Amino acid sequence: MSLVHREVFERLEHFYDSVPRDVAHVEEYGGLVLFVRNGAGWPFYARPRPGAAEPPNAADVTAVRERQRALGIPEAFEWVHENHPDLLPVARSAGLAVLEAPLMVLDPDALPSAETLSDVPVRLADPGSPEFGRDVATQRAVAAIGFAAPGTALGDAGPVARDAAVVALTPRRVDEERAQAEIGRRAFALAETADEGALAGGMAMRVDDVAEIAGIATLPVARRRGLAAAVTAALARHLLDSGTGLVFLSAGSEEIARVYLRAGFRRLGTACIAEPAPVTA
Ligand SMILES: CC(C)(COP(=O)(O)OP(=O)(O)OC[C@H]1O[C@@H](n2cnc3c(N)ncnc32)[C@H](O)[C@@H]1OP(=O)(O)O)[C@@H](O)C(=O)NCCC(=O)NCCS
C-alpha cells in the first residue's frame with residue numbers, strides 16, 4: 001500500500017470512529033467498540049477499537065452480538081478491510097454475513113457538474129429555511145422507499161409511496177439536524193421536479209475535513225435517468241466548496257459503484273458491512 005493510500009485509510013478510520021460520538025456512548029468489548037445511540041434515531045454499528053492491543057476475535061463478536069440483542073438494535077458491524085484484514089474471516093466464523101462494498105474516494109478533478117448528469121435539478125436543503133425539517137423528512141422517505149427496492153432496476157413505487165412514508169421530525173430533532181447542518185456536519189440533497197416533488201436524495205456526514213456521502217436513493221419509478229449520479233455530484237461539489245479535503249462513500253455493489261464512478265469517485269478499498277448470516281434449515 002502506498003503512503004498516500006495509508007494516510008487516506010488512517011483518515012477514514014478516524015472518521016468512522018468519530019462520527020457516532022456526538023450522539024452515542026461507547027461500550028468496549030475486547031478489540032471492538034459498540035456505539036449505542038443516546039435517545040431516538042438510527043442505531044449504530046460496532047467496529048474495531050482504535051488502539052486495541054489485539055485484533056477483534058470471535059469471542060468479542062459474540063459478546064457484542066449479545067449486547068446488541070439485549071438492546072434490541074441490529075447486530076451490525078462495519079470496518080475498513082485494509083485497516084483490519086484479519087476481521088473478515090473472524091466475522092464469518094462467528095456467524096456473520098459480510099458484504100464487501102467498494103469503498104470509493106472522490107477524485108476532485110473527475111467531478112462533473114450535476115446538470116451534466118441529469119435534467120432534474122438538485123438542491124441542497126437550506127438549514128436557514130422553514131422547510132428544512134420537511135426536506136430532511138422527505139430525504140428519509142425517499143431513502144426508505146428506495147432501499148426497500150434494492151438493486152438498480154426500475155419499479156412501480158413513486159411519489160405516492162414516498163408521501164406515505166414521510167415521518168415528520170419532532171421539533172427537537174429538526175433543531176438538532178439544523179444545528180449540525182449549520183456547522184457543516186450534515187448536508188441533505190434532493191433531486192426534484194415541480195410536478196412530482198423529490199425523486200432522489202442523499203445526505204452527507206462530515207467530521208473535520210473528511211465527509212461520507214450516504215443514503216443515496218432514487219424512487220424506483222425514476223431510476224436510470226442519472227438522478228443518483230447527479231445527487232452524489234451535487235453533494236460532493238457542496239462538500240468540496242465548503243472545504244472538505246476527503247469525500248468518500250461505500251457502494252452497495254459493483255453495479256452501484258458504476259453510478260458513483262460517473263460522479264467522479266474511484267475505488268480505493270473495501271468497506272465490510274456485516275450482519276447475522278441467514279439461518280439455513
Ligand atoms: C442505486 C440507485 C441509487 C441508482 O439510482 P439511479 O438514479 O437509477 O442511478 P443513475 O440513473 O445515476 O444510474 C443508473 C443507470 O442508469 C443509467 N443512466 C443514467 N442516465 C441515463 C439516461 N439518461 N438514460 C438511460 N440510462 C441512463 C446509468 O448509466 C446507469 O447504468 P448502469 O447500471 O449500466 O451503470 C437506485 O437504483 C436505488 O435507489 N437503489 C436502491 C438503494 C441503493 O442501493 N442505494 C445505493 C446505496 S450505496
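Indexing begins at 1, ligand by ligand and atom by atom, following the structure's order. Because the structure is a prediction, the values reported are computed rather than measured. Values reported hereafter were calculated over all heavy atoms of this structure, with side chains retained and with hydrogens, waters and symmetry mates removed.
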Counting heavy atoms only, name the option from R223, R258, R262 that's nearest to atom 38 (C) of ligand 1.
R223
For atom 44 (O) of ligand 1, what's the nearest protein heavy atom and its distance?
I256 CD1, 3.3 Å
Determine whether the side chains of T152 and R224 contain a donor N or O and an acceptor N or O closer than 3.5 Å.
yes
Purely on distance, is any nitrogen or oxygen of A228 under 3.5 Å from one on ligand 1?
yes
Record the part of A200 in heavy-atom contact with ligand 1 below 4.0 Å; permitted values are side chain, backbone, both and neither.
neither
Less than 3.5 Å between some nitrogen or oxygen of V259 and one of ligand 1, yes or no?
no
Protein contact to atom 11 (O) of ligand 1 [nearest heavy atom, distance to 0.1 Å]
G226 N, 2.6 Å
For A149, the ligand 1 atoms whose distance to one of its heavy atoms is below 4.0 Å
41 (C)
Counting each atom of ligand 1 from 1 as listed, which ones have a heavy atom of G151 under 4.0 Å away?
36 (C), 37 (O), 38 (C), 40 (N), 41 (C)
In the protein, what heavy atom is nearest to atom 31 (O) of ligand 1, and what distance, to one decimal place, separates them?
R224 NH2, 3.2 Å
Give the residue, atom name and distance (to 0.1 Å) of the protein heavy atom nearest atom 46 (C) of ligand 1.
I216 O, 3.4 Å
Are L169 and F132 connected in a single hydrophobic cluster, I mean Ile/Leu/Val/Met/Phe/Trp/Tyr linked by side-chain heavy atoms less than 4.5 Å apart?
yes
Distance-only side-chain donor-acceptor flag, R162 / T138, under 3.5 Å:
no
Under a 4.0 Å heavy-atom limit, does T218 contact ligand 1 with its side chain, its backbone, both, or neither?
both
Should the proximity of R225 to ligand 1, defined as any heavy atom under 4.0 Å, be assigned to the side chain, the backbone, both, or neither?
backbone
Hey, does the side chain of T116 reach the backbone of P112 with a donor-acceptor pair shorter than 3.5 angstrom?
no
Under 3.5 Å, N or O to N or O, is Y260 touching ligand 1 that way?
no
Under 4.0 Å between heavy atoms, the region of S250 that gets near ligand 1 turns out to be backbone
Short side-chain to backbone donor-acceptor contact, R140 and V167, under 3.5 Å
no
Return yes if some donor-acceptor pair links the side-chain N/O of R21 with the main-chain N/O of D17 below 3.5 Å, else return no.
yes
Closer than 4.0 Å to some heavy atom of G252 - which atoms of ligand 1 meet that?
48 (S)
Side-chain (Q68) to main-chain (A76) donor-acceptor, under 3.5 angstrom
yes
Looking only at distance, does E255 have an N or O less than 3.5 Å from an N or O of ligand 1?
no
Hey, can you pull the donor-acceptor pairs under 3.5 Å for the side chains in residues 186-199, sequence neighbours left out?
from	atom 1	to	atom 2	distance (Å)
E192	OE2	R123	NE	2.5
E192	OE2	R123	NH2	3.3
T193	OG1	E196	N	3.0
T193	OG1	E196	OE1	3.2

Heteroatom proximity flag, A229 to ligand 1, N/O under 3.5 Å
yes
Connected via hydrophobic side-chain network under 4.5 Å: F77 and I273:
no
Considering non-hydrogen atoms only, spot the tightest contact between V61 and L96 and give its length.
CG1-CD1, 3.7 Å
Please name the residue in the list R47, E10, E13 that meets the side chain to side chain donor-acceptor pair (under 3.5 Å) test with N83.
E13
